[in-house]
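Taking it in order: structure first as structure tokens, then the write-up.
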Amino acid sequence: MVYALAACQSQDELKLKHYYIEGQALYTTHCANCHQENGEGLAGLYPPIAKSDFLTNNKNYIICGIKHGISDTIQVNGKTYRQPMPANAQLQAIDIAEIVTYIYNEWGNEKKITPVKEVQKILEKCE
Ligand code: HEC
């Protein structure tokens with residue numbers, strides 16, 4: 001039993017590593033222009049993802065926002081942002097799952113993957 005459990009955990013760790021590495025590469029390509037490689041954003045224009053209070057409570061909203069863009073006025077760490085974020089219609093659920101896994105492990109205190117199945121379900125319900 002103990003061995004089976006240990007094997008299971010390392011499978012999960014491998015999967016997390018895989019999602020994280022893919023997610024980091026996708027982030028560099030699709031997100032870092034605005035939010036910067038270090039996640040700190042660009043003064044006043046593009047909100048930070050690193051240490052963002054918005055990240056914690058709005059995961060579903062962010063998943064939909066990556067796919068369809070964001071055009072609301074939002075508050076991040078007490079600052080107001082109203083510049084639109086462009087859609088990424090070409091990104092598939094798996095790409096978004098990897099990006100979200102990357103940003104939430106890097107900057108959102110998570111130690112787990114956001115599975116593609118969960119992202120698919122959320123994407124079906126975006127408005
Ligand atoms: C062209 C610049 C641009 C690109 C590229 C971009 N964003 Fe954004 N992002 C923004 C702006 C501007 C906002 C604020 C939107 C608003 O105020 O309605 C935002 C908001 C966010 C937020 C919510 C606020 C926060 O900082 O916590 C997250 C998370 C986010 N973006 C992640 C991403 C990810 C992941 C990608 C890549 C898939 C990405 N963005 C690509 C400009 C961009």
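Atoms within a ligand are numbered from 1 in the order they appear, just like the ligands themselves. Worth saying up front: this structure is predicted, and the values here are computed from it rather than measured. These values consider heavy atoms only, across backbone and side chains, with no hydrogens, waters or symmetry-generated copies.
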Go through the steps to decide whether Tyr19 and Thr114 satisfy the test side chain to side chain contact (heavy atoms under 4.5 Å, CB included), and finish with yes or no. CA-CA 9 Å; Tyr19 264 60; Thr114 299; 5.9 Å; no
Looking at ligand 1, does Leu45 have a heavy atom less than 4.0 Å from it? yes
Among the heavy atoms of Ile62, does any lie under 4.0 Å from an atom of ligand 1?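 The answer is yes, since Ile62 has a heavy atom less than 4.0 Å from ligand 1.
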With backbone taken as N, CA, C and O and side chain as the heavy atoms from C-beta onward, which portion of Pro86 lies under 4.0 Å from ligand 1: side chain, backbone, both, or neither? side chain
Please check whether [X] reaches ligand 1 - meaning an N/O of the residue sits under 3.5 Å from an N/O of the ligand, judged on distance alone.
| X | result |
| --- | --- |
| Thr73 | no |
| Asn33 | no |
| Ser52 | yes |

Which ligand 1 atoms are under 4.0 Å away from a heavy-atom of [X]?
| X | result |
| --- | --- |
| Pro48 | 25 (C), 26 (O), 27 (O) |
| Asp72 | 16 (C), 17 (O), 18 (O) |
| Ile74 | 14 (C), 16 (C), 17 (O), 24 (C) |

Is it the case that the side chains of Tyr102 and Glu22 hold a donor-acceptor pair, with the cut-off being a distance below 3.5 Å and no angle test?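 Looking only at side-chain atoms, Tyr102 and Glu22 do not form any donor-acceptor pair under 3.5 Å.
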Side-chain donor-acceptor pair under 3.5 Å between Tyr61 and Asp72, yes or no? yes
For the CD1 atom of Ile103 and the OG atom of Ser52, what is their distance to the nearest 0.5 Å?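 Here the interatomic distance stands at 8.5 Å.
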Atom 8 (Fe) of ligand 1: protein N, O or S atoms [distance under 2.8 Å]: His35 NE2, Met85 SD
For Tyr20, run the side chain to side chain donor-acceptor pair (under 3.5 Å) check against Lys15, Glu106, Glu98 and tell me which one passes.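 Running side chain to side chain donor-acceptor pair (under 3.5 Å) over Lys15, Glu106, Glu98 with Tyr20 returns exactly one hit, Glu106.
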How far is atom 12 (C) of ligand 1 from its nearest protein heavy atom, and which residue and atom is that? Gln83 O, 3.1 Å
